[in-house]
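Just passing along the structure, written as structure tokens.
Numbers restart at 1 for each chain; the letters A, B, ... are given by sequence-line order, proteins then strands. Computed over heavy atoms, backbone and side chain alike; hydrogens, waters and symmetry mates excluded.
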Amino acid sequence: MNPIDLRKCLTSGQVFRWREAEPGVWEGYDGSQFGRLCTASFGLQEDPLGKLTLAESGSWHQYFRLDEPQDLQSHIAAMCPKFATLPRQEGLRLLRPSDPVESFFSFLCTSNNHLGRITKMVEHLLPLAHASEGGNTAADEPERLLNIPSFTEPELRAAGFGYRAATIPRAAQLLINRGGRQYLLDLRQASLREAQAELLSFPGVGPKLADCIALYALHNTEAVPVDVHLWNGAVRLYFREWRGTTLTAKKYQVIGDHFRSLFGSWAGHAQLFVYYAGVVAGRSGGN
DNA sequence: TAGGGACCTGCC
DNA sequence: GCAGGTCCCT
């Protein structure tokens with residue numbers, strides 16, 4: 001039994017900077033830290049990090065939240081019988097990316113978009129300074145953030161950003177004006193309401209992205225991003241009377257509040273399992 | 001508040 | 001045609 005499924009974790013729309021270099025081997029970045037991770041390396045021993053191949057000595061404990069229950073789904077299911085009816089998603093974990101700037105811009109790229117294209121866009125915004133040497137150094141990070149507002153709209157459109165080419169540099173400039181990385185780090189101390197209000201004031205950030213950024217950039221695990229998959233799952237589990245209707249701003253709020261009332265600070269974790277179950281169901285053509 | 005349409009690109 | 005949304009307008 002493997003407590004971590006790297007494919008599920010790294011390709012489920014939580015982070016966008018990982019590739020499967022060879023079967024079972026994943027290469028990518030968390031902020032400035034390069035990682036080369038093997039599925040088989042996790043969870044077989046008491047020290048799950050013992051066999052990891054890393055460019056640096058940094059810990060991936062935080063990234064995979066290994067201090068949290070190994071069987072996250074069961075831990076959450078104990079809080080709600082309806083949630084407990086979800087299919088098992090073995091090895092899926094909520095990630096905890098270290099760099100809020102990376103998550104901020106990653107999710108700016110995700111609106112009305114697909115994974116493959118998102119990955120390309122993120123790489124364009126946050127390129128790897130020394131890929132051949134294993135990635136960026138921490139010192140590169142502020143410079144990369146400062147560079148983003150200098151991208152022109154035509155340039156980004158040519159790079160495949162579509163209509164997001166206009167909003168992303170504007171959002172970047174606003175972020176810098178407010179203090180850049182430190183502004184986001186400070187928001188980690190804010191309440192969810194405060195954080196949402198701040199994030200919603202960025203161009204291109206609506207309720208769903210605000211919650212994604214709160215969850216992944218700010219580590220606020222009360223955040224419940226409601227996309228089409230979570231909407232379908234929430235309707236099926238908790239709001240049968242909404243079948244056949246559409247998601248509105250009001251319902252968006254009600255769903256998040258309901259998850260928080262059931263799961264408290266585990267709401268963000270619960271959301272991930274409902275969301276992922278919906279993605280899997282969608283792939284197999286079921287509902 | 002709810003409903004409708006545009007918006008880039010790519011894959012079913 | 002529609003997608004892991006946002007924004008603007010009835």
Look at the aromatic rings of A/Trp60 and A/Tyr63 and report parallel, tilted or perpendicular, splitting at 30° and 60°. perpendicular
Closest of B/dG10, B/dC7, B/dA2 to the A/Tyr163 side chain is B/dC7
Could you check whether A/Gly13 gets within reach of a base, just the sugar-phosphate, or nothing at all, counting any heavy atom under 4.0 Å? base
Which nucleotide wins on minimum distance to the side chain of A/Asn112, given the candidates B/dG10, B/dA2, B/dC8? B/dC8
Annotated structure of DNA chain B as dot-bracket, pair cut-off 3.5 Å, Watson-Crick or G-U only, | for inter-strand, is .||||||.|||.
Between the base of B/dC8 and the side chain of A/Arg164, is there a donor and acceptor pair under 3.5 angstrom? yes
Quick one: ring-ring contact (aromatic ring centres under 6.0 Å, His included) pairs with a partner in residues 167-187 of chain A, sequence neighbours left out? none
Where does the angle between the aromatic ring planes of A/Phe151 and A/His124 fall among parallel (under 30°), tilted (30 to 60°) and perpendicular (over 60°)? tilted
Reckon A/His229 touches a base, only the sugar-phosphate, or nothing at all at heavy-atom distances under 4.0 Å? sugar-phosphate
Please state whether the phosphate of B/dG3, meaning OP1 or OP2, lies under 4.0 angstrom from any side-chain nitrogen or oxygen of A/Thr246. yes
Please check the phosphate of B/dC8 (OP1 and OP2 only) for any side-chain N or O of A/Arg157 closer than 4.0 Å. yes
Quick check for you: name the first and last nucleotides of DNA chain C, 5' to 3', having an atom under 4.0 Å from a heavy atom of chain A. C/dA3 to C/dC7
